[in-house]
Amino acid sequence: MIEAKDIKDFGHRLGIHDIKITTTEPFDQALTKDKEQRTNGLFTDRRHRHLENLTQFYDIGIEFPKAQSIIAACQCYLTDEKTNLSEPGDPHGLIARYTWRNHYHDLKNRLHELAHFIKEETGASFRVYSNGPVAEKPIAVRSGIGYYGKHSIVINQTFGSWIVLGEIITDKKFEPDKPLDIDCGQCKQCIDACPTHAIVAPYILDRRRCIQEITNWYGVLPNDIAEVWDNRLYGCTVCQDVCPVNSKVAAHSPSTKLGNVGTSISLLDILNMSESEYRKKYPDNQITARWINFKAIQRNALVCLGNIKDKQTLPILERFSKSNDRVFARTAQWAISRIRNG
Ligand code: B12
Ligand code: SF4
Ligand code: SF4
């Protein structure tokens, strides 16, 4: 019979960066806090629907009554690649670091291999997730993979918050690890730096203002958000870029090639592409996941152009400003007036 240490050793040999184990009791405290945040209106309608069945999200036993242990894991995605590849006349929009490649699928593939090893040794049944229908941050915190930063992202002691999370849920019992006794202390740099003031209190995010959330919401952005959007085509990492814990993390070469989209994409290319060309060009990545609204990505490209202010992009903005689509037309007109007014 294998033990927790054998699972961790095998997992590390598979290239999984950190592995801890926890129990399957429901995450009642997290459920209460989540409900509080919903009552306070900090969720968008989309997220309300997405997490409709909240109790199931926080209680693994509902879907998998025989579950005994959660093997929690994380994969670091901090690489030392150069980010802005813009040329004059061909400005690029940034892709948030976590989705330069598909680290969720990469971690899930590694966890599947680990789960098969556990099954061979013990006959265990299992479920494997990364970005799945379970409360991954509370799982990571209870298992000791990391602790909550005030930006509400989990911080690992070695890899900072530059990690994606994943788990194996199994019907075999393994020795659980303990949560870490660490917090952010007096620091509040992420709260102060968030361009849209979306971190409304330590650990509490107003999702309606978070650029990562709005990146995939299709509508006309309020001016105060559009003006601080900068050149972000997909997502935002400011709260992680400024974190002093992250500045100590060592960058490494990419651990996977899966779903590689690069660090930035030409905005003119995005605006000249059809949706099917876009989905074909960037397969197996978050930015073309089925729930991603391509029109929102093109809207983001128009907002980027309004902030980059390159006069050579006026012709394409003029074209979008005459669109029958109200969101495109209004956003392009906003961008043109930003460029014309300097
Ligand atoms: C919905 C979602 C989002 C939403 C909402 C994010 C959020 N902070 O809730 C949006 C689209 C904004 C988003 C953004 C990002 N996401 Co996201 N997202 C998710 C998803 C699918 C569900 C998360 C969720 O809604 N949880 C429910 C909420 C209520 O839980 P919570 O945030 O942990 O809330 C707790 C705290 O508020 C805490 N709390 C409240 N008061 C207090 C007080 C104290 C003292 C303490 C300690 C705690 C505390 O209690 C609450 C309940 O547990 C998960 C995947 C998953 N299945 O879990 C990925 C996930 C959280 N996302 C992930 C990532 C990578 C991101 C981004 C970092 C991407 C990027 N741009 O780089 C950003 C981070 C932005 C930010 N500042 O949070 C990773 C996070 C990895 C990590 N290191 O933690 C996850 C786990 C996916 C994965 N498998 O790796 N995401
Ligand atoms: S991802 Fe960007 S917008 Fe969202 S909380 Fe962090 S800094 Fe703010
Ligand atoms: S910036 Fe400071 S407060 Fe925010 S997560 Fe990092 S250490 Fe915590």
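Note that the structure is predicted; figures quoted are calculated from it, not measured. The basis for the numbers below is simple: all heavy atoms, side chains too, and nothing from hydrogens, waters or symmetry mates. Whatever order the structure lists them in is the order used to number ligands and atoms, beginning at 1.
- Every atom of ligand 3 with a heavy atom of Gly149 under 4.0 Å away is listed here by number and element: 5 (S).
- Counting heavy atoms under 4.0 Å from ligand 1, residue Tyr58 touches it through the side chain alone.
- Contacts between Gln37 and ligand 1, counted as non-hydrogen atom pairs separated by less than 4.0 Å, involve the side chain only.
- With sequence neighbours excluded, no residue forms a side chain to side chain donor-acceptor pair (under 3.5 Å) with Gln189.
- Of the possible donor and acceptor atoms, none in the side chain of Arg110 sits under 3.5 Å from a partner among the backbone N and O of Ile16.
- The nearest pair of heavy atoms linking Gln68 to Thr24 is C-CG2, 3.5 Å.
- The nearest non-hydrogen atom to atom 32 (O) of ligand 1, considering only Lys150, Lys137, Glu167, comes from Lys137.
- A donor-acceptor pair under 3.5 Å is absent between the side-chain atoms of Gln75 and the main chain of Val164, judged by distance alone.
- Counting non-hydrogen atoms of other residues, nucleotides and ligands closer than 6.0 Å to NZ of Lys280 gives a total of 12 or fewer.
- At a 4.0 Å cut-off, not a single heavy atom of Gly235 sits close enough to ligand 1 to count as contact.
- The option from Tyr148, Tyr147, Trp162, Phe159 that lies nearest to atom 33 (O) of ligand 1, judged by heavy atoms, is Tyr148.
- Side-chain polar atoms of Thr256 and Asn102 form no donor-acceptor pair below 3.5 angstrom.
- Scanning the protein for heavy atoms near atom 2 (Fe) of ligand 3, the closest one is Cys187 SG, 2.3 Å.
- Residue contacts with ligand 1 for Ile155 are absent, since no atom lies close enough (heavy atoms, distance under 4.0 Å).
- With a 4.0 Å cut-off on non-hydrogen atoms, Ala198 does not touch ligand 1 at all.
- Numbered from 1 in the order shown, with element, the atoms of ligand 2 that lie under 4.0 Å from a heavy atom of Thr196 read 3 (S).
- Side chain of Arg142 to main chain of Glu25: a donor-acceptor pair is present (N/O by atom type, distance under 3.5 Å, no hydrogens or angles).
- The backbone N or O of Gly89 lies less than 3.5 Å from a partner atom in the side chain of Asp310, making a donor-acceptor pair.
- Between the side chains of Arg319 and Asn272, at least one donor N or O lies within less than 3.5 Å of an accepting N or O.
- Protein-derived N/O/S atoms nearer than 2.8 Å to atom 6 (Fe) of ligand 2 total 1, waters excluded.
- For the pairing with Tyr218, the side-chain hydrogen bond (donor to acceptor under 3.5 Å, both in side chains) check across Asn300, Asn293, Asp325 returns one residue only, Asp325.
- Under 4.0 angstrom from ligand 1, the non-hydrogen atoms of Tyr104 all belong to its side chain.
- Checked by distance only, ligand 1 and Val154 come closer than 3.5 Å through their nitrogen or oxygen atoms.
- Looking at every heavy atom in both residues, Ala72 comes nearest to Ile145 through O-CD1, 3.6 Å.
- Taking the six-membered ring wherever Trp is involved, the centroid distance between the rings of His103 and His17 does not fall below 6.0 Å.
- For Pro138, no nitrogen or oxygen atom sits less than 3.5 Å from a nitrogen or oxygen atom of ligand 1, counting backbone and side chain alike.
- Using a 4.0 Å cut-off between heavy atoms, Ala30 contacts ligand 1 through both its backbone and its side chain.
- For the residue pair Asp106 and Ser255, the shortest heavy atom distance occurs at OD2-OG, 4.1 Å.
- Residues Arg13 and Phe10 have side chains in contact (heavy-atom distance under 4.5 Å, counting atoms from C-beta outward).
- Taking distance alone, with nitrogen or oxygen atoms compared against 3.5 Å, Asp34 stays at or beyond that limit from ligand 1.
- Considering backbone and side-chain atoms together, Lys33 places no N or O closer than 3.5 Å to any N or O of ligand 1.
- Here the side chains of Phe320 and Leu317 are not in contact, with every heavy-atom distance at 4.5 Å or above.
- Taking a 4.0 Å cut-off on heavy atoms, Pro195 registers as neighbouring ligand 2.
- The N/O atoms of Gln240, backbone and side chain alike, include one that comes under 3.5 Å of an N/O atom in ligand 1.
- The nearest heavy-atom contact from the protein to atom 6 (Fe) of ligand 3 is Cys243 SG, 2.4 Å.
- With a 4.0 Å heavy-atom cut-off, ligand 1 is reached by the backbone of Glu136 and by its side chain too.
- Under a 4.0 Å criterion applied to the non-hydrogen atoms of Ser152, ligand 1 contributes the atoms 8 (N), 78 (O).
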Quiz item: Can you check salt bridge (charged side-chain N to carboxylate O under 4.0 Å, His left out) on Glu81 and Arg101, steps first, answer last?
Solution: CA-CA 12 Å; Glu81 291 149 281; Arg101 297 176 183 82; 2.6 Å; yes

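- Contact annotation for Ile153 and ligand 1: heavy atoms of both the backbone and the side chain come within less than 4.0 Å of the ligand.
- When the options Leu205, Asp183, Thr99 are ranked by their closest heavy atom to atom 6 (C) of ligand 1, first place goes to Leu205.
- Follow the hydrophobic side-chain contacts under 4.5 Å out from Val249 and you never reach Tyr148; the two are in separate clusters.
- Atoms of ligand 3 lying under 4.0 Å from any heavy atom of Lys150, numbered from 1 in the order shown and given with element: 3 (S), 5 (S), 8 (Fe).
- One option in Tyr77, Tyr98, Phe27 has a heavy atom closer to atom 70 (C) of ligand 1 than any other, and that option is Tyr98.
- With a 4.0 Å heavy-atom cut-off, ligand 1 is reached by the backbone of Val164 and by its side chain too.
- Distances between N or O atoms of Gln212 and those of ligand 1 include at least one value under 3.5 Å.
- Using modelled atom types, no side-chain atom of Thr331 and backbone atom of Phe328 make a donor-acceptor pair closer than 3.5 Å.
- At a cut-off of 3.5 Å, with distance as the only test, a side-chain donor of Asp241 or Thr237 sits close to an acceptor on the other residue.
- Contacts of Thr288 classified as side chain to side chain donor-acceptor pair (under 3.5 Å), with partners at least two apart in sequence or in another chain: none.
- Using a distance-only test at 3.5 Å, with no hydrogens or angles considered, no donor-acceptor pair links the side chain of Asn156 to the main chain of Gly146.
- The Cys239 neighbourhood of ligand 1 comprises atoms 77 (N), with distances under 4.0 Å to a heavy atom of that residue.
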Show me, pair by pair, the donor-acceptor contacts under 3.5 angstrom made by side chains of residues 174-182, not counting sequence neighbours?
unit_1	atom_1	unit_2	atom_2	d
Asp177	OD1	Lys8	NZ	3.0
Asp177	OD2	Lys8	NZ	2.9
Asp177	OD2	Ile21	N	2.8

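- Taking every non-hydrogen atom of Asn131 and a distance limit under 4.0 Å, the qualifying atoms of ligand 1 come out as 21 (C), 54 (C), 55 (C), 59 (C), 87 (C), 89 (N).
- For the pair Ile163 and ligand 1, the shortest N or O to N or O distance falls below 3.5 Å.
- If you look at Tyr203 next to ligand 1, the close heavy atoms, those under 4.0 Å, come from the backbone and the side chain alike.
- Here the shortest heavy-atom distance to atom 8 (Fe) of ligand 3, taken over Cys184, Ser161, Ser152, Ser247, belongs to Cys184.
- Considering backbone and side-chain N/O atoms, Val134 comes within less than 3.5 Å of an N/O atom of ligand 1.
- With Glu277 contributing its side chain and Ser274 its backbone, the two residues share a donor-acceptor pair below 3.5 Å.
- Between Phe57 and ligand 1, no pair of N/O atoms sits closer than 3.5 Å.
- Interface of Cys236 with ligand 1, defined as ligand atoms under 4.0 Å from a residue heavy atom, comprises 70 (C), 71 (N), 72 (O).
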